[in-house]
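To start, the structure itself, in structure tokens.
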Amino acid sequence: MEVTARAPGKIILSGEHAVVHGSTAVAASINLYTQVSLRFSNESNDGLLKFHLKNMGFEFSWPIERIKEVLPESGSPRSSTPRSCPPESIIAITNLVEEQNIPEAKIGLAAGITAFIWLYTSIHGCKPATVVVTSTLPLGSGLGSSASFCVSMSASLLASSDAVNLDLGHQGWFSFGESELELVNKWAFEGEKIIHGKPSGIDNTVSTFGNIILFKSGKLTLMKSSMPLKMLITNTKVGRNTKALVAGVSERALRHPDAMAHVFTAVDSISKEFSSIIQSPASDDLSLVEKEGKLEELIEMNQGLLQCMGVSHASIESVLRTTLKYRLASKLTGAGGGGCVLTLLPALLAKTVVDKVIAELESSGFQCLIAEIGGKGVEICFDGSS
Ligand SMILES: Nc1ncnc2c1ncn2[C@@H]1O[C@H](COP(=O)(O)OP(=O)(O)O)[C@@H](O)[C@H]1O
Ligand SMILES: C[C@@](O)(CCOP(=O)(O)O)CC(=O)O
Ligand SMILES: [Mg+2]
């Protein structure tokens, strides 16, 4: 039997970084996905754990005996009890990853492969299998590829474990029940910890549950937007690493605790106001245009505070200057330092203007897309019946 899971990426509309320090943030799923397929091999087969990153053209494999030798605890997996990877296991898994001689230019993948080995061995122990990953998300661009990878991985592993009871006769994509989603989310968070160091949990949560969410200190509230939220996503294509950026903000907070506490509080207020505006119905008191005007101001304020945290970048500033020429408000999304920028496209904005902004941004070498937001979270299907 083959089981496949797919989990969406995300945009953070308000509150990245500050959310790691306890502030409120607002995020939405987007219609770009990571997909993971898992098929167990016959015991008598080659005795390998195979891991294919299909769109990158990488095929890695480890003899199961080698994994047992390096990770003796993997003999007793506990799929229903999410566990953090202890430092000694990180060292052991790092050895397994290094044996694969990943090219230097792709060394960022090592963190994802480490998370895979931890999740696989913790949930399934030492069974031979083939795991194939495909993705339509750009990696390391702020659209939550790491979380969508960990969520789709955890979902495919759990769907084929004793921890969840599923109807194998299901046709096409379907969702887990609430308690299974909680378990997927917890395991995915453990994977994110390996990739990010100190994640807030917002990315894996929105990838698991989909929708638009309000998130604070590990707790989510599902939201319904009462207004169209059309967002232009511009990828600066400047690579960066979330772990380093998150650590940089924490270091700044240690150096300037008072000032940074105020920055995080201001972001908390911005996120709360953002969520109340998008949820409140348009009325005579506040028309759609007025609501969009308020959101634009909050977006600009949020970007100013992100700059204050030290996570903006020349490429981000260049996108902001271009969109400002068209009176459009933008902010970075995700960890910053490059990666993607969000621009609110007001509902009545003429298509000709949208086309012009996109053409100008793309002529500078950036890549634009308008994603659908707030769709479903993680889904699974059996035997390619999608
Ligand atoms: N499809 C994938 N296959 C393997 N590793 C992945 C995949 N998607 C994400 N990752 C891991 O996540 C890292 C990127 O995560 P991060 O720096 O948090 O950026 P983002 O989450 O914004 O894309 C990659 O360098 C890699 O380690
Ligand atoms: C910066 C942060 O708020 C979001 C990181 O998102 P991404 O990995 O850049 O997609 C970190 C976090 O919340 O865990
Ligand atoms: Mg990430």
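When a ligand or atom number is given, it counts from 1 through the structure's own listing order.
Residue-ligand proximity, Leu143 to ligand 1, at heavy-atom distances under 4.0 Å covers atoms 22 (O). Interface atoms of ligand 1 facing Leu53, defined by a heavy-atom separation under 4.0 Å, are 3 (N), 4 (C). Distances below 4.0 Å separate heavy atoms of Glu16 from the following atoms of ligand 2: 3 (O). Every atom of ligand 1 with a heavy atom of Arg240 under 4.0 Å away is listed here by number and element: 17 (O), 19 (O), 22 (O). Contact atoms of ligand 2 toward Val20: 11 (C), 12 (C), 13 (O) (distance under 4.0 Å to a heavy atom of the residue). Of all atoms in ligand 2, numbered sequentially from 1 with element shown, those under 4.0 Å from a heavy atom of Ile202 are 13 (O). Close approach of ligand 2 to Val19 (heavy-atom distance below 4.0 Å) involves ligand atoms 3 (O), 13 (O). Shown in contact with Gly144 at under 4.0 Å from a heavy atom are these atoms of ligand 1, numbered in order with element: 20 (P), 21 (O), 22 (O).
Scanning all protein heavy atoms for the shortest distance to atom 10 (N) of ligand 1 gives Leu139 CD2, 4.1 Å. With respect to atom 3 (O) of ligand 2, the closest heavy atom belonging to the protein is His17 N, 3.0 Å. Here the heavy atom of the protein found nearest to atom 10 (O) of ligand 2 is Lys10 NZ, 2.6 Å. Distance from atom 12 (C) of ligand 2 to its nearest protein heavy atom, with residue and atom name: Ser200 OG, 3.4 Å. Of the protein's non-hydrogen atoms, the one nearest atom 24 (C) of ligand 1 is Gly108 O, 3.9 Å. Atom 13 (C) of ligand 1 has as its closest protein heavy atom Ile195 CG2, 4.0 Å. The protein heavy atom nearest to atom 19 (O) of ligand 1 is Gly140 CA, 3.2 Å. For atom 2 (C) of ligand 1, the closest non-hydrogen atom of the protein is Phe149 CD1, 3.5 Å. Given atom 4 (C) of ligand 2, the protein heavy atom at minimum distance is Ile12 CD1, 3.8 Å. For atom 8 (O) of ligand 2, the nearest non-hydrogen atom of the protein is Thr242 OG1, 2.9 Å.
Considering Leu139, Thr333, Asp203 only, the shortest heavy-atom separation from atom 5 (C) of ligand 2 involves Asp203. With distances taken over non-hydrogen atoms, the option nearest atom 21 (O) of ligand 1 out of Gly334, Gly239, Ala111, Ser146 is Ser146.
Defined by atom type and a distance below 3.5 Å, a donor-acceptor pair is missing between the side-chain atoms of Ser135 and Gln35. Between the side chains of Ser74 and Thr121, no donor-acceptor pair of N or O atoms lies under 3.5 Å. One side chain, Glu192 or Ser146, offers a donor N or O that lies under 3.5 Å from an acceptor on the other. Between the side chains of Ser287 and Glu290, at least one donor N or O lies within less than 3.5 Å of an accepting N or O. Checked by atom type, the side-chain pair Ser23/Asp268 shows no donor-acceptor distance below 3.5 Å. In this structure, a donor-acceptor pair under 3.5 Å is present between the side chains of Ser84 and Lys193. Of the N and O atoms on the side chains of Ser41 and Lys50, not one donor lies less than 3.5 Å from an acceptor on the other residue. Under 3.5 Å, the side chains of Ser148 and Ser207 contain no donor-acceptor pair of N or O atoms. Ser14 and Ser271 form a side-chain donor-acceptor contact under 3.5 Å, judged by distance and modelled atom types alone.
By the 6.0 Å contact criterion, CG on Asp167 is enclosed, its count of non-hydrogen atoms from other residues, nucleotides or ligands being greater than 12. The number of heavy atoms from other shown groups lying within 6.0 Å of NE2 (His256) is above 12. Within 6.0 Å of the NZ atom in Lys186, the count of heavy atoms belonging to other residues, nucleotides or ligands does not exceed 12. The environment of Arg327 atom CZ is sparse: at most 12 non-hydrogen atoms of other residues, nucleotides or ligands sit within 6.0 angstrom.
How far OG of Ser145 is from NZ of Lys10: 8.5 Å, rounded to the nearest 0.5 Å. Once rounded to the nearest 0.5 Å, the distance linking CE of Met231 with OG1 of Thr333 reads 9.0 Å.
Rounded to 10°, the angle that OG of Ser146 and NE2 of His196 form at the Mg ion (ligand 3) is 90°.
Residues Arg83 and Glu73 have side chains in contact (heavy-atom distance under 4.5 Å, counting atoms from C-beta outward).
Between Gly144 and ligand 2, at least one pair of N/O atoms sits closer than 3.5 Å. At under 3.5 Å, a nitrogen or oxygen of Thr242, whether backbone or side chain, sits near a nitrogen or oxygen of ligand 1. Considering backbone and side-chain atoms together, His196 places an N or O closer than 3.5 Å to an N or O of ligand 1. For ligand 2, none of its N or O atoms has an N or O atom of Pro199 under 3.5 Å away. The shortest N or O to N or O distance between Ala110 and ligand 1 is not under 3.5 Å. An N or O contact shorter than 3.5 Å is missing between Gly334 and ligand 2 by distance. Considering both main-chain and side-chain atoms, Gly112 comes within under 3.5 Å of ligand 1 through a nitrogen or oxygen pair. Distances between N or O atoms of Ser145 and those of ligand 1 include at least one value under 3.5 Å.
A salt bridge links Arg66 with Glu69: at least one charged nitrogen is closer than 4.0 Å to a carboxylate oxygen. For the pair Lys331 and Glu16, the salt-bridge criterion is met [side-chain N within less than 4.0 Å of a carboxylate O].
Of the possible polar contacts, none joining the Tyr120 side chain to the Leu157 backbone as a donor-acceptor pair under 3.5 Å is found.
Counting heavy atoms under 4.0 Å from ligand 1, residue Val133 touches it through the side chain alone. The side chain of Arg240, and not its backbone, has at least one atom closer than 4.0 Å to an atom of ligand 2 (non-hydrogen atoms only; side chain from C-beta on). Under 4.0 Å from ligand 1, the heavy atoms of Ser141 that appear belong solely to its backbone.
The shell of residues lying under 4.0 angstrom from ligand 1, judged by heavy atoms, includes Gly142. Using a 4.0 Å heavy-atom cutoff, Lys243 is absent from the residues neighbouring ligand 1.
Put simply, Thr242 stays out of reach of the Mg ion (ligand 3), with no N, O or S atom under 2.8 Å from it.
For Arg240 against Ser141, the heavy-atom pair with the smallest separation is NH2-C, 4.0 Å.
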